[in-house]
Amino acid sequence: METTSILENLNDNQKNAVCSESKNCLVIAGAGSGKTRVLIQRIFWLISSRKISPYSILAVTFTNKAASEIKKRLQANLRIKIENMWVGTFHGICYRILRKNYSKVGLPKNFQIIDADDQLRLIKRIIKESDIENDQIQPKQYVWYINKKKDESTRSSEVKPDDFVTKQYNLVYSLYEEYCRKVGLVDFGEILLKVVELLTKDKETFIYYKNLFKEILIDEFQDTNSIQYKLVKILSGNENSIFAVGDDDQSIYGWRGAIVENIKKLQKDLSDIKVYRLEQNYRSSGNILSAANNVILNNSSRMGKELWTEDSSGELIKFFSAFNDSEEAKFVVEKIEDLTKGDFKRSEVAILYRSNAQSRIFEEYFISKNIPYRIYGGLRFFERAEIKDVLAYLRLAFNTRDDNSFERIINTPTRGIGEKTKSSIREYAAKNNLPLYYAIEEMCEKKILTNRIVESLYGFMKAIEKIKDSFKIENLPEQILEVIEITKIKDMYSSDKNEQARSKIENIDELVTAADFFSDENQFDDIPIIESFLAHASLEAGEGQGSEWDDCVQLMTLHSSKGLEFPIVFLVGLEEGLFPSRLSLEEGNLEEERRLCYVGITRARKLLFMTYSQIRRQYGTEEYQMPSRFIGEIPTEVIEEIRPTKGESFFKSNLNDNNSILIGSRVMHKKFGEGTITSSEGNDNNARVQVSFDKVGNKWLILALANLEILK
DNA sequence: TCTATGGTGATTTTT
DNA sequence: TCACCATAGA
């Protein structure tokens, strides 16, 4: 590839970053400024101009989607085997390293990855079996504790608990650790932690990887947590180059351990690092950018950056104040109906909300109007119970010590093994220090169980043995088909005639197709394909739902909208307590909520609608909602109110007798503190006042949104 | 083993 | 309100 073609269509700042001669680079890239493009072009540039081997480049992303996007674009331009390049998620890359080095970190060859759901089940079992009774701590909290510790690369043995509760948490952590080690299970956090330990303890391995990865590129750097940062630092070995791309204003996963400060830390930790800023936006029109810029301006901890565009200012942002949530949904759906009758496809429209519960009411209206829609989120393919059941059979056959899988399927489909039998198996297993599967083998031989149960257990064991035989089948889809037959899992649902059961059967059939797809792209030649398929199932849970290709209106949370863009965006439920969410406010996370708002606004290309509902039904009761402070942070010049056909204007109805507001009045604002009104302009829905605040100086505020308190 | 009942609690979720 | 759980009874 020619250097000139690499630089084609890049602006000066993008070019400078792509061809930077600096050893380390940090690219602060605003929303829609072409950051992924820069990362990919950088890879091309490294290969063509700097003659770096493609296999010496490590490119890390957070999602499988981003990783496959990069791979796809690389494949289109490079005539090499992309599968052998090191492009993937943190977890995917680390899994690949572990596959090669499992024995060095004490893992068995057939170690298995467990997902979040497996992890929770396992914790629940451990709590039950070890008689740790504590109603105050829920299983999920233990999971949270363990994952947090692993993200900080701390083992249970390294924690010195000084209070009872921490002691309890850490006890469960140590039991969990012990169990996973014994059985050969790794959770998501463990995959990274094991690699960090491997690289810090085994010098030879460290040197191997340090010499391998000459160039390390990381996407979405603002989302790295402590262990991921550590990993990058270790792999760089203070020798290799780091090229990090990120946007501090789009850090929305702080609650999950992501540390925005890692961006600043990187600048401090690396001596030779050059910072590039990408501020030209190629996505949204001027008014939308103005709204985004002004909202994010209210955050104090920022690296500073202002988006601009060569595009025109475009349409004003449409604001609609609904009487209640049902009117809000009706407005949005009818508007979409109008827009899609015109120039827009349904798939070009997205509804973004803060919490999943908000989707319901929109669904109702879409259904009644017969408009196809698609909700993102929810269970993904490999997370579905029926799929996990089939996989649990495979896992158990693969590793008969896997009690977690055993528990999952011992009575699925039902074979008369109830809670009582299960607990006697557990008891026997514990007493003889055996995995559950070996326990039932012994128990059947020793005739401790009733004939009926022995018979049923034999049936189960026979199925597992048959699955073991099926491993000889070389063709993966055929093998999966065979396993589905053996388990008789479809019979469970075939008697049921309802929609749910039918879709479960469809999903199980779909698993064969998934296996078929997978056999084409398997990257590990040294292990049985079935094994890498199981890893794939855990690491890459698959897309949410089918029918992706249909022309549907897109519904999703603000979080899942990150990285996407739509010509038309509806940002709904702009209410205090909902967005920004009450819980976040209580935890002092207003700035992250504001970044979420920034993410939401910058998803829109041409048209942005924002809605607010005065009354919202929540938890069964109707509640009066205050408009979100974020609305007030958008300059009035770029907003246009859409008024319902009937009823009063939002701005007017909220202007409670403003006669009392006169120039010279002393007022109190939640954020800016006390001040004096110095002038006013406009009226009704546009009334604005200028306030001279004692601490922050002059500000223009929309009267209706500012919530000013008049002081006597 | 299945189903009915009551109590509880309620964001966001890349892997 | 509604989904999720644990427990009780059929």
Side-chain angles (χ1 to χ4, degrees), chain A residues 60-68 88-95 113-120 124 128 135 138-140 143-144 147 150-151 186-193 219-220 222-225 227-228 250-258 325 352-361 376-380 382-383 411-422 456 492 535-544 556-564 573 577-587 589 592-593 595-597 599-600 616-623:
Chain A
V60 198
T61 63
F62 278 83
T63 64
N64 289 302
K65 206 173 159 192
S68 40
T89 61
F90 270 103
H91 294 84
I93 299 282
C94 288
Y95 174 69
I113 302 166
I114 56 171
D115 69 11
D117 176 63
D118 299 325
Q119 192 187 22
L120 182 63
K124 281 183 184 163
K128 240 184 213 156
D135 291 344
Q138 287 165 344
K140 272 192 183 151
V143 172
W144 192 75
N147 291 340
K150 289 192 179 185
D151 281 352
V186 290
D187 58 38
F188 292 138
E190 187 74 21
I191 295 176
L192 305 199
L193 182 48
D219 196 12
E220 307 273 20
Q222 77 282 354
D223 288 339
T224 49
N225 65 20
I227 196 167
Q228 287 159 343
Q250 288 189 71
S251 162
I252 54 172
Y253 286 107
W255 52 276
R256 261 177 59 161
D325 45 0
L352 309 182
Y353 36 78
R354 177 65 240 260
S355 83
N356 285 307
Q358 286 169 260
S359 70
R360 203 182 198 124
I361 190 152
Y376 280 73
L379 275 193
R380 289 179 298 173
F382 285 110
E383 288 168 354
N411 200 36
T412 311
T414 50
R415 48 173 74 81
I417 310 296
E419 204 40 54
K420 218 177 138 212
T421 318
K422 275 198 230 169
S456 137
M492 248 170 91
H536 168 84
S538 303
L539 283 176
E540 203 168 324
E543 279 293 307
M556 68 192 81
T557 61
L558 284 151
H559 281 91
S560 30
S561 76
K562 201 177 85 169
L564 306 175
L578 184 63
F579 187 34
S581 101
R582 191 175 49 80
L583 282 153
S584 288
L585 291 176
E586 281 166 9
E587 288 163 14
N589 295 331
E592 185 155 310
E593 292 287 305
R595 290 192 289 267
L596 196 53
C597 184
V599 166
R616 182 173 297 276
R617 225 182 151 73
Q618 260 177 322
Y619 309 141
T621 49
E622 294 198 318
E623 289 190 47

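Values below: every heavy atom of this structure, side chains too, minus hydrogens, waters and symmetry copies. So you know, we letter chains A, B, ... as the sequences are listed, proteins then strands, and number each from 1.
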Nearest-nucleotide comparison on DNA chain B, the residue closer to the 5′ end among A/E592 and A/R415: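 Of the two residues, A/R415 wins.
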
Between A/I417 and A/A357, which has a closest nucleotide on DNA chain B that is more 5'?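 Its nearest nucleotide lies further toward 5', so the answer is A/I417.
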
When we call it a touch if two heavy atoms are under 4.0 Å apart, what does [X] touch: a base, just sugar-phosphate, or nothing?
X      : result
A/N64  : sugar-phosphate
A/Y253 : base
A/Q228 : nothing
A/L539 : sugar-phosphate
A/G189 : nothing
A/E593 : base
A/D223 : base
A/S581 : base

Atom pairs under 3.5 Å: protein N/O with N/O of nucleotides 1-3 of chain C:
unit_1, atom_1, unit_2, atom_2, d
C/dT1, O4', A/G620, N, 3.4
C/dA3, OP1, A/R360, NH1, 3.3
C/dA3, OP1, A/R360, NH2, 2.7

For the backbone of [Y] and the side chain of [X], can you confirm whether one donor and one acceptor N or O come within less than 3.5 Å of each other?
X      : Y      : value
A/H559 : A/I252 : yes
A/D325 : A/R617 : yes
A/R354 : A/L578 : no
A/Q119 : A/D187 : no
A/T414 : A/N411 : no
A/N64  : A/L539 : yes
A/S538 : A/I113 : yes

Centroid distance below 5.5 Å plus an interplanar angle below 30 degrees: do A/F62 and B/dT15 meet both conditions? no

Between [atom2] on [N] and [atom1] on [X], what's the gap in Å once rounded to a whole number?
X      : N      : atom1 : atom2 : answer
A/L120 : C/dC4  : CG    : P     : 13 Å
A/E220 : B/dT13 : CD    : P     : 16 Å
A/K562 : B/dT14 : NZ    : C1'   : 8 Å
A/I227 : B/dT14 : CD1   : P     : 20 Å
A/Q138 : B/dA10 : CD    : P     : 7 Å
A/N356 : B/dG9  : CG    : P     : 21 Å
A/K140 : C/dC5  : NZ    : P     : 7 Å
A/I191 : B/dT14 : CD1   : P     : 16 Å

With the side chain defined as heavy atoms from C-beta on, A/R256 is closest, among B/dT15, B/dT12, B/dT14, to B/dT14

What's the closest nucleotide to the side chain of A/T414 if the choices are B/dC2, B/dT12, B/dT14? B/dC2

Ignoring backbone atoms, test whether A/T557 places a side-chain nitrogen or oxygen under 4.0 Å from the OP1 or OP2 oxygen of B/dT13.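 Yes, because at least one side-chain N or O of A/T557 sits under 4.0 Å from OP1 or OP2 of B/dT13.
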
Under 4.0 Å: is that the gap between some side-chain N or O of A/N147 and OP1 or OP2 of B/dT13?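 Answer no for this pair, as no side-chain N or O of A/N147 is under 4.0 Å from OP1 or OP2.
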
Is A/Y253 close to A/N225 at the side-chain level, that is, under 4.5 Å between some pair of heavy atoms?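 SC-SC contact between A/N225 and A/Y253 ruled out.
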
At a cut-off of 3.5 Å, list every protein nitrogen or oxygen paired with a nitrogen or oxygen from nucleotides 7-10 of chain C, distance to 0.1 Å.
none

Distance (rounded to the nearest 0.5 Å) between A/K562 NZ and A/L352 CG: 14.5 Å

Between atom CG of A/L558 and atom OH of A/Y353, what is the distance when rounded to the nearest 0.5 Å?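 With rounding to 0.5 Å, CG (A/L558) is 9.5 Å from OH (A/Y353).
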
P spacing across the pair C/dC5 / B/dT12, given as an integer number of angstrom: 16 Å

Relative to each other, are the rings of A/H536 and A/F382 parallel, tilted or perpendicular (30° and 60° limits)? perpendicular

